[in-house]
Amino acid sequence: MNLVQTDHLSKKIGNFQLNNISFALPPGYICGLIGQNGAGKTTLLHLLLGLYQADKGSILIDGMDYETNEKQIHDGIGTVFVEDLLNPSMTLMQNADWYGKYYSHYSRECMQDYLSRFHLEKERRYGRLSKGEKLKCQFAFALSHDAKLLILDEPAGNFDLDFREQFFQILKAFIRDGTRSVILATHITQDLDRMADFIIYMENGSQIFAGEIEELRQSYRIVSGEAYKIRLIAPERVIHLEENRYGAKALIVHSGFGRYDESLIVSCPTIEELMYFYARRLS
């Protein structure tokens, strides 16, 4: 059973429209949610958390829908959002104990252990923390109640380099038994290149790609060399071609039957390159 499944999910908020989002995320995966600002990432996360109701389509979390199983779904999700989700006047442990009452498997000992590992003083008031410390506290709480799914909205950019490494090691350990998954919205694509198993790429409210990262790598190529030789490739396969004084580079839809001029340099795109060339095709 997929841990998260959406089918033709759509939501209109003001002038913004989320269009026809469909993907299936199995357990045991770290999913990177990527796209430019305004692509719809946070709107999608709010739908997955039941904070918005879809206009069209459906969401299943661990085989359950919000209409009939809202409490059970929330019980199994841990969240980290850039917005302050905890009470600024309470200490870290007061916050954890207060909100922990709403989770069946909240562990005070687990929360204290993570606060210690993250070098956070449990008696410190939440409102006195830096932005990065607040996110560490949220992350500790998300891990303290035995969640099956972590939904994380852009936390890593506020972490120092040492903690970012610890953060990603914890995520890898979280999914290791094959029963849990992570959805991580981030603009730090280099991290996803080395650790993500699954990618959802969004643009202007639409889904460009959703699937395993190996499938993504097999579907596209970066081709570099002389522009006229790149132009010999069928135009419908060229996402975007960019030229400069030193040569040209293009993102190409790859086919196993496709052939490239032997003078061209052909490589699998990084996630950053994929985003860059897709965004540039519209400019």
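Here the structure is a predicted model, which means the values were calculated and not measured.
- The structure places NZ of Lys249 at 9.0 Å from CD1 of Ile265, a figure rounded to the nearest 0.5 Å.
- The minimum heavy-atom distance linking Ala250 with Val238 is given by the pair CB-CG1, 4.4 Å.
- Gln190 and Asp193 form no side-chain donor-acceptor contact under 3.5 Å, judged by distance and modelled atom types alone.
- Geometrically, Lys101 does not engage Tyr106 in a cation-pi contact, judged by NZ or CZ lying under 6.0 Å from the ring centre and within 45° of the ring axis.
- Under the ring pair (Phe, Tyr, Trp, His ring centres under 6.0 Å) test applied with Phe141, the options Tyr114, Tyr103, Tyr126 reduce to a single match, Tyr103.
- Judged as a side-chain hydrogen bond (donor to acceptor under 3.5 Å, both in side chains), and not counting sequence neighbours, Asn95 has no contacts.
- Judged by distance alone, the side chains of Asp153 and Thr42 do bring a donor and an acceptor atom under 3.5 Å apart.
- A salt bridge is absent between Arg128 and Glu133: the closest approach of a Lys/Arg side-chain nitrogen to an acidic carboxylate oxygen does not fall below 4.0 angstrom.
- Side-chain N or O atoms of Ser10 include one that pairs as donor or acceptor with a backbone N or O of Asn20 at under 3.5 Å.
- Remark: Ile239 CD1 to Arg221 CZ distance equals 13.5 Å, nearest 0.5 Å.
- Using a 4.0 Å cut-off between charged nitrogen and carboxylate oxygen, Glu165 and Arg194 count as a salt-bridge pair.
- Rounding to the nearest 0.5 angstrom, the gap separating the CG atom in Leu216 from the CZ atom in Phe198 is 10.5 Å.
- For Tyr29, the side-chain hydrogen bond (donor to acceptor under 3.5 Å, both in side chains) test picks out Glu212, with sequence neighbours left out.
- Here the side chain of Asn158 pairs no donor or acceptor atom with the backbone of Lys131 at under 3.5 angstrom.
- Using modelled atom types and a 3.5 Å distance limit, the side chains of Glu154 and His187 yield a donor-acceptor pair.
- You'll find the ring centres of Tyr66 and His74 inside the 6.0 Å limit.
- To the nearest 0.5 Å, atoms CE (Met275) and CD (Gln36) are separated by 4.5 Å.
- With hydrogens and angles disregarded, a donor-acceptor distance shorter than 3.5 Å links the side chain of Ser181 to the backbone of Gly28.
- Note that the OH atom of Tyr278 and the CD1 atom of Ile34 stand 11.0 Å from one another [nearest 0.5 Å].
- Ring pair Phe81/His46: centre-to-centre distance below 6.0 Å.
- In this structure, Cys110 and Ser144 approach most closely via the heavy-atom pair SG-CA, 3.8 Å.
- Cation-pi contact between Arg180 and Phe174: present, with separation from the ring centre below 6.0 Å and deviation from the ring axis of at most 45°.
- Using modelled atom types, one side-chain atom of Asn244 and one backbone atom of Gly247 make a donor-acceptor pair closer than 3.5 Å.
- The closest donor-acceptor contact from the side chain of Arg281 to the backbone of His240 lies at 3.5 Å or more, if one exists at all.
- Ring planes of Tyr99 and Tyr102: tilted class, angle from 30 to 60°.
- When only modelled atom types and interatomic distance are considered, Asp261 and Ser263 share a side-chain donor-acceptor pair under 3.5 Å.
- Between Arg280 atom CZ and Glu242 atom CD the span is 5.0 Å, to the nearest 0.5 Å.
- When every heavy atom of Gln166 is checked against every heavy atom of Arg117, the shortest pair comes out as NE2-O, 3.7 Å.
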Query raised in the report: Do Glu226 and Arg231 pass the salt bridge (Lys or Arg N to Asp or Glu O under 4.0 Å) test, and can you show the C-alpha distance, the side-chain angles, and the key distance before you say yes or no?
Result: CA-CA 9 Å; Glu226 295 179 272; Arg231 288 197 175 93; over 6 Å; no

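- Under the 4.0 Å criterion applied to side-chain N and carboxylate O atoms, Lys11 and Asp55 are assigned as salt-bridge partners.
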